[in-house]
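Encoded as structure tokens, the structure appears first; notes follow it.
Values below: every heavy atom of this structure, side chains too, minus hydrogens, waters and symmetry copies. Quick note: residue numbers are just sequence positions, from 1.
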Amino acid sequence: MRRVAVLLAAAALSAGGASAQPAVGQPTAIVLSLDGIVGPATADYLIRGLAAAHEQGAAAVVLRIDTPGGLDASMRDIIRAILASPVPVLSYVAPNGARAASAGTYILYASHVAAMAPATNLGAATPIALGGGPPRPADSPSGPADPPGKKPGADPADKPAPAAPKDAGEAKAVNDAVAYIRSLAALRGRNADWAEQAVRAAASLTAGEARAQNVIDLIADDVPDLLAKADGRRVRVGNAETVLHTKDLRLLAREPDWRTQMLSVITNPNLALLLLMAGVYGLIFEFMSPGALFPGIFGAICLLIGLYALAALPLTYAGIALVLLGTSLMVAEIFAPTLGVLGVGGAVSFVLGAVLLIDTESAAFGVSVPMVAGIAAASLGMTFLIGRLALRSRRAPIVSGAEALIGLRIKVLSWTGEQGYVAAAGERWRAVGPPGLAAGDTVVITAVRGVTLQVQAPPSLPPSGP
């Protein structure tokens, strides 16, 4: 056993030395991918990827970008991670046909090296949701027309005409975005004037135009070409300048793991709302039928996941309050039916809250109005169904308890004077009633007083006897 242990230890040491040798002799470049909407899952994935690159001693990080934009909060988290990264970040808009729109433009400006593949574009960084629509283009009817034969934008002095802010809130948001992207441009030595136009007028550029206007640093056909062209460039990492040595780096792709994929799914506002409602109704069914277990367990899991997903999204306090109020009113209608008053009020409150719930400029993270309407309709349907059942139950005759005996026809077992014993509901009861009754007569129960029944002869059956 001792010899086996020594042999295993020697094999582990030799394997460890063999695997560590390439890492020391050949530096690596971690490749991260920003595909699709910029959201909490994307930010978590990229932040962890940059931290892992530093822990592994990577020489550079290649961030491949293809995004239409996304959440402002998530974008700023990614930019803060890039600015704080001790490992140079080379952002690369690829493959051919990709784009770095909106939030992608900010991330590209924040990176140590900005590059694009042919047939790609960037720009359109206006916070459109705050403005209520796209800015007015330069050649709109309100602006001067170009002379005949002149191509729009042929004069370098021509700039897209920004749309005037509609209110102070929109002006504040646009000016904040402009100041942010200009500060990134000044940090990296890139074209700050065009960056401002990308925010104010939703300007966009192709890869060739971006390179000509000093918006990006390089145009590369692929990642190896990017590393070869970036080799020897001086960039500012932290507070110091460094020279990039990126040629012949060993590429190590870090794809999104299960955590990122799960987070990207559950942080969809529509799914988060569905999980929240499923959790609430699961707990309701558990409380109505104690011991069922499955509805309670399922509801608790859905509720916790839904709350976690909503916590990762930018929410409005008014939306949260309205959703909670609407859910509470619909639940109250189930336990205290008011013929739809609480249910209708809860559905209206829930719809308004769901529409106002997410505070974002990205349409991809908005709540689907048809989905919200479906949830409200289903809740209203359940509310009216419960109210109808409650009304029917109220009008139905009583079938249990002492009240259920009233009006019941029963047989007399024995009778003396004005009292005797009768058989009712399979039991022997003491009864009082009119004189003259005899064993075997049929009587009707008119009242229940404790353990004594008040009876009388049916109208069609007069009492027996003289």
Side-chain angles (χ1 to χ4, degrees), residues 277-300 325-350 377-466:
M277 296 304 297
V280 170
Y281 281 112
L283 294 180
I284 290 174
F285 292 148
E286 179 65 28
F287 293 149
M288 295 175 66
S289 303
L293 296 182
F294 176 75
I297 296 174
F298 177 78
L325 176 62
T327 305
S328 301
L329 291 177
M330 288 187 288
V331 171
E333 178 68 28
I334 294 176
F335 289 97
T338 59
L339 301 181
V341 176
L342 293 179
V344 172
V348 172
S349 176
F350 178 80
S379 299
L380 275 178
M382 183 177 295
T383 297
F384 286 127
L385 177 61
I386 293 175
R388 182 178 178 182
L389 293 176
L391 184 61
R392 180 184 298 178
S393 175
R394 183 179 182 86
R395 292 176 177 175
I398 300 175
V399 295
S400 63
E403 292 82 358
L405 298 175
I406 298 177
L408 190 65
R409 289 173 176 261
I410 58 175
K411 292 291 184 179
V412 176
L413 298 178
S414 62
W415 198 264
T416 302
E418 296 183 353
Q419 63 181 359
Y421 292 92
V422 296
E427 299 175 335
R428 187 172 183 269
W429 288 74
R430 184 175 180 274
V432 296
L437 295 176
D441 288 348
T442 300
V443 293
V444 177
I445 301 175
T446 59
V448 179
R449 297 185 176 88
V451 293
T452 302
L453 302 180
Q454 177 73 41
V455 299
Q456 68 179 17
S460 58
L461 297 175
S464 302

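Inter-residue side-chain proximity for Ile406 and Thr446 is flagged as unmet; no heavy-atom pair is nearer than 4.5 Å. Side-chain contact between Val432 and Val455 is absent, with no heavy-atom pair separated by less than 4.5 Å.
Trp429 places no side-chain N or O within 3.5 Å of a backbone atom of Ala431 that could act as its donor or acceptor partner. A donor-acceptor contact shorter than 3.5 Å links the side chain of Glu286 to the backbone of Leu293.
Sorted by first and then second residue, the pairs that involve residues 416-425 and meet side-chain hydrogen bond (donor to acceptor under 3.5 Å, both in side chains), not counting sequence neighbours, are Gln419-Arg430.
When all heavy atoms are compared, the tightest approach of Val422 to Val412 is CG1-CA, 4.0 Å. Closest of all the heavy-atom pairs between Pro434 and Ala457 is CG-N, 4.4 Å. The two residues Ile410 and Ala424 have their closest heavy-atom pair at CG2-CB, 3.8 Å. Residues Gly326 and Ser349 approach most closely at N-OG, 3.4 Å, considering heavy atoms. Here the closest heavy-atom approach between residue Phe298 and residue Ala278 is recorded as CE2-CB, 4.3 Å.
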Val448 and Gln454: side chain to side chain contact (heavy atoms under 4.5 Å, CB included), yes or no, with the steps? CA-CA 6 Å; Val448 179; Gln454 177 73 41; over 6 Å; no

Does the side chain to side chain contact (heavy atoms under 4.5 Å, CB included) test come out yes or no for Leu413 and Arg428, once each step is laid out? CA-CA 8 Å; Leu413 298 178; Arg428 187 172 183 269; 3.7 Å; yes

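Interatomic distance, CG of Leu408 versus CG of Leu453, reported as 9.5 Å (0.5 Å rounding).
Legend: residues meeting side-chain contact (heavy atoms from CB on, under 4.5 Å) with Val444, ordered by chain and number and at least two apart, are Arg409, Pro458.
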